[in-house]
Amino acid sequence: MAPLACVLYLSIENESFNETSLHQLVYKAQEENKNHGVTGFLYYKQNHFFQYVEGNQLDVNNLLNSLKKDTRHKILECIYDDQLHTRRFPNWNMGDLKTNQLMQIKFEDLIIENLLYRKVRNNSPIAIENHNLWKLIDNLAFFQNSDLQ
C-alpha cells in the first residue's frame, strides 16, 4: 500500500461564491477525488474555505499543487502530514460540511480560528501545535463517521 498523507488548509476566496457555485465546486471535487482515491471534507464559511484531504502521498501532493495554483482562492495557512497511518474520512470523496450539521461540535470554528491566528501571529507559541490540530480533525472524523452509520 502506498504511503498516506493529509493536508489541512485555510484559504480565502478571490471571487464570490454562491450556493450554486459552491455546489458545483463540491460536485467536481467529489468526482476528481473519487478518481484519485482522495477523501476528506470541505467547509465554507464567511468567504473562507477550510479543507482537509487525505490519500496516497503522490495524489495529495498533486492536489495540493493544483489548489495552490487555483486563482479562485488564496491559501492562508497549510499544514501537511506525510505520516498518516489510517484515513480519518474513508467514506467521504469530499464531504460538504454544513454549519447546521456541526453546531453542536464547533471543531471547525476552533480549527479555523487557530489557523487564522497562526497566520497573523507567524506560528506563535500560543497557537495550537500541529499534533493537537490533528487531534481535533480526529475528533471531527469520529463524530462525522458515527453520523454516517
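If you read the sequence from its start, that first residue is 1, and numbering goes on from there.
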Looking at every non-hydrogen atom in both residues, tell me the closest pair between [X] and [Y] and how far apart they are.
| X | Y | answer |
| --- | --- | --- |
| Cys6 | Leu84 | CB-CD2, 3.9 Å |
| Phe49 | Glu13 | CE1-CB, 4.1 Å |
| Ala5 | Tyr80 | CB-OH, 3.5 Å |
| Thr20 | Asn18 | N-OD1, 3.0 Å |
| Arg87 | Gly37 | NH2-O, 2.7 Å |
| Phe17 | Glu15 | CD1-O, 3.2 Å |

Nearest-0.5 Å distance that lies between atom [atom1] in [X] and atom [atom2] in [Y]:
| X | Y | atom1 | atom2 | answer |
| --- | --- | --- | --- | --- |
| Tyr52 | Asp81 | OH | CG | 8.0 Å |
| Gln24 | Glu19 | CD | CD | 11.5 Å |
| Glu32 | Asn62 | CD | CG | 11.5 Å |
| Asp59 | Asn33 | CG | CG | 9.5 Å |
| Arg88 | Asp138 | CZ | CG | 4.0 Å |

Is a donor on one side and an acceptor on the other found under 3.5 Å between the side chain of [X] and the backbone of [Y]?
| X | Y | answer |
| --- | --- | --- |
| Thr39 | Pro90 | no |
| Gln57 | Asp82 | yes |
| Asn35 | Glu31 | yes |

Do Leu22 and Val26 belong to the same hydrophobic cluster, where Ile, Leu, Val, Met, Phe, Trp and Tyr are linked whenever their side-chain heavy atoms lie under 4.5 Å apart, directly or via other members?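 Same cluster.
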Applying the 4.5 Å side-chain criterion to the ILVMFWY set and letting contacts propagate, would Ile12 and Ile79 be lumped into a single cluster?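 They do share one cluster, since a chain of ILVMFWY contacts under 4.5 Å joins Ile12 to Ile79.
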Would you call [X] and [Y] a side-chain contact if the rule is heavy atoms closer than 4.5 Å?
| X | Y | value |
| --- | --- | --- |
| Val7 | Leu67 | no |
| Glu54 | Leu4 | no |
| Asn14 | Arg72 | no |

With under 30° as parallel and over 60° as perpendicular, where do the rings of Tyr9 and His73 fit, or are they tilted in between?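 Taking His73 first and then Tyr9, their aromatic rings sit tilted (interplane angle of 30° to 60°).
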